[in-house]
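To start, the structure under review is shown below, and the notes come after it.
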Amino acid sequence: MNNTQSNTIFKTIRQFIFITILLATWELSVRLCDLPSLLFPSFASVIQSFIAQTLNGELIHRMIFSLYLIGIGLSIAIISAMIITALSVCIRWISEWVQVLLAIMHPLPGIAILPIIILWLGTGPQSIIAVITISAIWPVIANLSIGLRSIPPTQIEVGRNLGLNRFKLTWFVLLPGAFPHILSGLRIAWARAWQAAVAAEMVFGASGGEGGLGWFIYKKRFFLETADVFAGMIVIVLIGLLIERVGFEWIENITVRRWGMTTHG
Amino acid sequence: MEELILNRLSKHFLVNRKTIQVFEDVSLSIKPGRFMTIVGPSGCGKSTLLRCIAGFEAPTSGSILMNRKPANKPGKDRMVVFQSFDQLFPWMTVLKNITYALRVAGGIRELDLCRDQAIEYLDLVGLRGFEDFYPHQLSGGMKQRVAIARALAVKPQILLMDEPFGSLDALTRNGMQRELEQIWERTGITILFVTHSIEEAILLSDEIVVFQGQPGRIKTVISNSLPRPRTPDMDGFSKLWQELNLHMGLTRNTEDKTPLRRITLMAEAEILGT
């Protein structure tokens, strides 16, 4: 336990050093080669606009808007995935349909559906939410069903032996047993939702002047405020890291790792 | 009065439109507190028979009576201990695995009472002090002990054991056999045990059912009254061992005809040929 903890700490330190070197190279090459700041703003100026845009509330406002859309889209995706999986466990032909749909829809990037979604739902937050949901639902369904199939049959039989009914068996045996796969499904779903949200916002982004981080970046590029574009990208990266490294890593540590059920390194 | 009665039980599967007869016309009865072992070669249907008794699979014909009542669904009166090490819930600690079983099957609501009883059963299998371990932190033998404790905690009428020590190394296996015998003597529970080891059958059981393969049927039932605790070098052990060997068709003369022996002979011939 302690050993793995100190190992992760050292790994984080090494990765931190690598990022610092990368940023220093950026700053130095901009200064030494005298690159045009419209195309390549220096790291210092990016940080400056990051601070300025954070203090004036613009970045935080955009970020909250994006996260709000993702929150709704992901929730719809997760709940529908659970309902669809539950139905396909109970009824065989639904499971066959879901398999076909999964094969067709899983490789299709959610953003590719945006033109159709705009035709159907218009250019408002509801279209972005729809794109997020469609991007995120397939990995959740796929991993949920893989997870259910990966549960050792003996554990299900122990549950039946103890007299668990269908509901209790699902809640107390199937869901925890499938949890390692559910967690990796959620990780992929989150990443896809995040990408879909930013990409969709860049296409129209706003209805009535309201928009998220993608819209922020798009607008700043339009006005050639390149440092602000980079500041927006930094926020996207930071949130991604925070959710992935702090959020998911923490959940994994207190569940799957503690139970010795890791599916990957 | 018999606790468990199997009445002309048969089971077949349909595989590719062909009927595979797993076992046929099996009639057995066990009295309360007895230790009965079904011994037979791999693939003779003895595990499927146990799974039918447990209610995980339905027999094709015949009936299973538990205290004169038909038993065709899984029930906590017939708790199973499996061979595989993954029968414990990995997301629960050792203690939680047992308290959970007590709560859902034993119907005990009070947490403290659950805990006390669970610790009592952990004590019985010699795992006191491992309450807060997760299954992946235990050795194979320890996992099987927890599984036995969990099954016993529910207070079943009969314990069904499907080669529970089959995946253990010889040394651990011997220790576990001795302990199971002690647990059986202390709790007075009825045990139906499935194994392919003749030695294990003699060491543990009062009655030995010799199963014959494809389709599985009972060849003979031998009662074993050797005094306990038993060791392989005691008087009468080797006589019983030879008798069982004879029934299972494993005597010296026929040994060369067993598939395994044939395969090694073929392999040797191949090596010599090249």
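Numbered from 1 within each chain, the chains take letters A, B, ... in sequence-line order.
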Cut-off 4.5 Å, heavy atoms of chain B, and the answer for A:Leu164 is side chain

Tell me, for A:Phe172 versus chain B, whether the close heavy atoms (under 4.5 Å) come from the side chain, the backbone, both or neither.
-> both

Option that, when pairs with chain B are counted at under 4.5 Å, heavy atom only, ranks first among A:Thr154, A:Ile151, A:Val173 = A:Thr154

Choice from A:Gly163, A:Gly260, A:Pro176 maximising heavy atom contacts with chain B below 4.5 Å | A:Pro176

Would B:Lys96 and B:Glu131 pass as an ion pair if we require N to O under 4.0 Å?
-> no

Salt bridge between B:Arg115 and B:Glu120, side-chain N to carboxylate O under 4.0 Å?
-> no

Comparing B:Gln83, B:Lys73, B:Gln87, B:Lys76 against chain A, the one with the most heavy-atom pairs below 4.5 Å turns out to be B:Gln87

Are there more than 12 heavy atoms of other residues, nucleotides or ligands under 6.0 Å from atom CD of B:Gln214?
-> no

With a 4.5 angstrom heavy-atom cut-off, which part of [X] approaches chain A: side chain, backbone, both or neither?
X	value
B:Phe82	side chain
B:Ala54	neither
B:Arg51	side chain
B:Val104	both

Between A:Trp194 and A:Trp190, how do the two ring planes meet: parallel, tilted or perpendicular, split at 30° and 60°?
-> parallel

B:Phe89 six-ring face occupied by B:Arg150 cation (under 6.0 Å, within 45°) | yes

Could you tell me whether the side chain of B:Thr99 and the main chain of B:Cys114 form a donor-acceptor pair under 3.5 Å?
-> no

Would you check if there is a donor-acceptor pair between the side chains of A:Ser88 and A:Ser95 at a distance under 3.5 Å?
-> no

